[in-house]
Protein chains: 2
Amino acid sequence: MPPSTGLRARVRAELTAEIKDEARRQMAVEGASGISLRAITRALGMASSGIYRYFPSRDDLLTALIVDAYDSLGAAAEEADAGSGQDDFGARWSAVGHAVRDWARSHPHEYALVYGSPVPGYRAPQDTIGPASRVTSVLAGIVNDASRVGALSESPPAPGLAPLPVQAAVEARRLVDAAFPATTEEVVLRSVAAWTQLFGMVSFELFGHLEGVITDPAPVFDRTLLEMGAFVGLPAPRTLPPEMRRDARGSGRIGHGGN
Amino acid sequence: MPPSTGLRARVRAELTAEIKDEARRQMAVEGASGISLRAITRALGMASSGIYRYFPSRDDLLTALIVDAYDSLGAAAEEADAGSGQDDFGARWSAVGHAVRDWARSHPHEYALVYGSPVPGYRAPQDTIGPASRVTSVLAGIVNDASRVGALSESPPAPGLAPLPVQAAVEARRLVDAAFPATTEEVVLRSVAAWTQLFGMVSFELFGHLEGVITDPAPVFDRTLLEMGAFVGLPAPRTLPPEMRRDARGSGRIGHGGN
DNA sequence: TCAATAGATGAGCACCGCTCTTGATTTGGA
DNA sequence: TCCAAATCAAGAGCGGTGCTCATCTATTGA
């Protein structure tokens, strides 16, 4: 006497997982557009029509993969954040930024699935917005925590810029209320800038737009993370990441380096 | 006696253009993945196999559309830049940024085709790198021009950050030599940050990642453009754009605005 | 004028997502 | 324990796709 939905439900969950795994395997080979339901059923030794009992359409499969990808990235970000000193806000920012980039580089097609162009006609089902917000929440949490304990350098007013115009202030206010209760409108707008910068740079790297522009994105990414953290008002990490520390004194400086 | 390649070449060029136009029409309806070679031939009243005499494969058609899109965006950026006061560098930066966003919003699928995930298996043919660099060159030109005439505020060293580590300096040096002869490594790295921020924010807006976060992206985008311009060291535009000017005195300020 | 070339055509191949019907299996309540 | 209801597997089939190929026609340039 198995539980109300017993053996059958379990094998169903297993097959569902196997289908997604096989889909991910295909995606790793030739991208999301290369996922073929028939090929999946072939690989799993089932009839081609059988898969529709688990995913009503190709788009539903993709949506499931998107949710999983968001969750995977969100988990990576949360882990990186938790692995840094709770009150070393610069380190937390850098760690999460690197976690995003690392995850993207090790799951390029899943990153593209989520942060690339919306694949089929249009996709943004309700199921995706929850998991999608995990990374964002981590990032926002860092800034908000820093602000709460007064570690956020009161953002130097942008030189020569007028105070916030109304519309921008309204938007910023909404965000302050929603996720940054301890901060100001100016800070929240800069956080949005840093957020979009982070993903913009990762996307450019993965999608090939840095080709011919930046040969080795790693050090540039690292430095930019720190600069954007400072831009938001976060303190520099207490112990700078290895690359920044070891070479800071310039033992191996090249060419007309430092002017 | 038509020129060595006469009438035949002309009608060929016309048909090629018609094919691309029809493809763009289909793309406008349901995205790049909705482009069907057979549907194109149907719309043009030709045999389905005929199209392969003009584009050897679907990917080649897409590549042609990518090149056109890059050119279209590049032209828009150049025009916006030329339409601003040659020596009002803040205004030029803002104008080009807005041109990029406006172009993206009025050509969403073409933007996705170019800045979204590489569509088929992988794409980055040689033909695309030339046109792709037009926007980038415009942006780089503004910063470099400003620096050349001394209008670039010597970038305040990021608070608490060590000097540039070697690897980053090497990358930056390459860029200085290639496109920013009048600037420093620090400036060039910040320019890369601003560049990726610009496209990151546009992509987030178009791809739906601002949904539920920012209701009206326009004022946020506008403000962020100015802040990122300042981040690079560009002066504020001499005459701020209308939204920033009219409300600058805060007649309609909301909530506990200005900390 | 005429061979070479380029273009247009339609049949056909292998694949796709998806639907429907049919038959077997499992389930949970009477 | 039995049995109706629900679930699942399987196969045939529909209309669509990108692409190839042999065939025929029109244009080209010497």
Would you say a side-chain N or O of Arg12(A) is under 4.0 Å from OP1 or OP2 of dT7(D)? no
Decide if the gap between the ring center of His209(A) and the ring center of Phe199(B) is smaller than 6.0 angstrom. no
Take the protein atom CZ of Arg10(B) and the nucleotide atom C1' of dG7(C), then report the distance between them rounded to whole Å. 17 Å
Qualifying residues under salt bridge (Lys or Arg N to Asp or Glu O under 4.0 Å), relative to Arg105(B), sequence neighbours excluded: Glu205(B)
Within this structure, what is the CE-OG1 distance for the pair Met201(B) and Thr224(B), rounded to the nearest 0.5 Å? 4.5 Å
Could you tell me how far apart Met46(B) (CE) and dA8(C) (C1') are, to the nearest whole angstrom? 8 Å
Indicate the ring-plane relationship of Phe207(B) and Tyr111(B), choosing parallel, tilted or perpendicular according to the 30° and 60° boundaries. tilted
Is there side-chain contact between Val138(A) and Arg134(A), with heavy atoms separated by less than 4.5 Å? no
Mind calculating the distance between CG (Leu44(B)) and P (dG7(C)) to the nearest angstrom? 16 Å
When rounded to whole Å, the CD1 to P distance for the pair Ile51(B) and dT17(D) reads 12 Å
Is there a side-chain contact (heavy atoms from CB on, under 4.5 Å) between Leu198(A) and Phe221(A)? Walk through the geometry before answering. CA-CA 9 Å; Leu198(A) 167 59; Phe221(A) 179 83; 3.7 Å; yes
Does Arg12(A) qualify as a cation-pi partner of Tyr54(A), given the criterion of NZ or CZ under 6.0 Å from the six-membered ring centre and within 45 degrees of its axis? yes
In whole Å, what is the span from the CG atom of Leu62(B) to the P atom of dG18(D)? 10 Å
Looking at residues 14-26 of chain B, who's got a heavy atom less than 4.0 Å off DNA chain C? none
Side chains of Leu37(A) and Tyr52(A), heavy atoms from C-beta outward: is any pair under 4.5 Å? yes
Drop me the distance from Gln197(B)'s CD to Thr196(A)'s OG1, to the nearest 0.5 angstrom. 4.0 Å
Give one of base, sugar-phosphate or nothing for Gly50(A), where a contact means two heavy atoms less than 4.0 Å apart. nothing
One character per nucleotide, please: for nucleotides 11-22 of chain C, 5' to 3', B when the base has a protein heavy atom closer than 4.0 Å, S when only the sugar-phosphate does, - otherwise. -B---BBBBB--
Taken to the nearest whole Å, OH/Tyr54(B) to P/dC19(D) is 17 Å
